[in-house]
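Report on the following structure.
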Amino acid sequence: MSNFHNFGWRSFLLASLVVVSVSTHAADKAPTTAAVDTRYNLKLTPSEQAEFLAEMRSMLASIQHIMIGIGSSDRELIAEYARHSGNRMARATPASVRAKTPPAFQEIGGPTHLMFEELAIRAESDDMDMIAAYTGKLMNQCMACHAAFKVM
Ligand code: HEC
């Protein structure tokens with residue numbers, strides 16, 4: 001019985017030592033891993049930024065409503081919000097912003113709007129799990145572009 005207790009204490013002390021040494025190491029490393037932002041800067045003006053970021057927030061709203069639509073099997077809702085971020089949004093991009101975006105940006109952006117159009121069509125007949133999977137695939141576009149570009 002007392003052996004069992006001793007073993008318990010020893011394990012506890014050992015575990016504490018491991019925790020302390022791990023956190024000390026994390027603290028040591030913090031200064032050398034200082035964040036460096038290597039994203040390409042689109043250098044938008046304040047008013048271009050306001051317009052561009054508002055479009056981004058409306059894409060997030062599309063995704064939100066699409067998720068709600070998948071959760072409630074509401075095909076109309078999915079299609080409606082997918083269309084908000086489809087070709088209509090692509091056409092609405094101001095010319096001055098378009099002029100500042102390099103080909104690499106357009107190669108991610110163009111297909112993103114097309115994928116929203118495809119999502120609106122898939123909403124008519126695909127199973128909800130397939131729509132969810134396609135939405136996840138579409139969001140790879142969001143991830144790829146955000147990793148590579150910033151507005152200022
Ligand atoms: C072709 C490029 C591109 C694609 C695709 C893209 N974004 Fe963005 N997004 C950006 C850039 C650039 C910013 C600004 C980032 C910065 O400056 O730090 C941004 C910012 C945002 C913001 C912040 C808005 C604010 O008010 O600050 C949201 C939200 C957002 N994006 C949502 C999305 C969602 C959701 C998707 C996918 C459905 C998406 N974006 C796809 C380029 C893109």
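Indexing begins at 1, ligand by ligand and atom by atom, following the structure's order. Side chains included, hydrogens not; waters and symmetry mates left out as well; all remaining heavy atoms used. Positions are given from 1, in the same order as the sequence printed here.
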May I ask you to list the atoms of ligand 1 that are less than 4.0 angstrom from any heavy atom of [X]?
{"X": "Q141", "value": "5 (C)"}
{"X": "F116", "value": "38 (C)"}
{"X": "V151", "value": "14 (C), 16 (C), 17 (O)"}
{"X": "G109", "value": "1 (C)"}
{"X": "R39", "value": "15 (C), 16 (C), 18 (O)"}
{"X": "T112", "value": "5 (C)"}

ask   = Roughly how far, to the nearest 0.5 Å, is OG of S62 from CD of E80?
value =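 So the gap between those two atoms works out to 9.5 Å.
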Counting C-beta onward and ignoring hydrogens, is there a side-chain heavy-atom pair between [X] and [Y] closer than 4.5 Å?
{"X": "K100", "Y": "T45", "result": "yes"}
{"X": "L44", "Y": "M152", "result": "no"}
{"X": "L42", "Y": "P102", "result": "yes"}
{"X": "S96", "Y": "E48", "result": "yes"}
{"X": "M139", "Y": "I63", "result": "yes"}
{"X": "F116", "Y": "T135", "result": "no"}
{"X": "M59", "Y": "Q141", "result": "no"}
{"X": "M128", "Y": "R75", "result": "yes"}

inquiry  = Please check if the number of heavy atoms outside K137 that lie under 6.0 Å from its NZ is greater than 12.
reply    =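 No, NZ of K137 has 12 or fewer neighbouring heavy atoms, counting only those of other groups under 6.0 Å.
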query = What protein heavy atom sits nearest atom 13 (C) of ligand 1, and how far away is it?
reply =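 Nearest protein contact, heavy atoms only, for atom 13 (C) of ligand 1 is F52 CE2, 3.8 Å.
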request  = Write out the residue and atom name of the closest protein heavy atom to atom 12 (C) of ligand 1, then the distance separating them to 0.1 Å.
outcome  =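 I find the closest protein heavy atom is F149 O, 3.6 Å.
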key: R57 N/O to ligand 1 N/O under 3.5 Å   =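 Among all N and O atoms of R57, at least one is under 3.5 Å from an N or O of ligand 1.
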query = Within the structure, does L42 bring an N/O atom to less than 3.5 angstrom of an N/O atom in ligand 1?
reply =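 Checking ligand 1 against L42, no N or O pair falls under 3.5 Å apart.
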Listed once per pair and sorted, the ring pair (Phe, Tyr, Trp, His ring centres under 6.0 Å) pairs that draw on residues 68-114, sequence neighbours left out =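 Those involving residues 68-114 are H65-Y81, Y81-H84, F105-F149.
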query = Should the proximity of Y40 to ligand 1, defined as any heavy atom under 4.0 Å, be assigned to the side chain, the backbone, both, or neither?
reply =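 Neither; nothing of Y40 gets under 4.0 Å from ligand 1.
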task = Anything protein N/O/S under 2.8 Å from atom 8 (Fe) of ligand 1? Just list residue and atom, please.
result =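 Those protein N, O or S atoms (cut-off: under 2.8 Å from atom 8 (Fe) of ligand 1) are M56 SD, H146 NE2.
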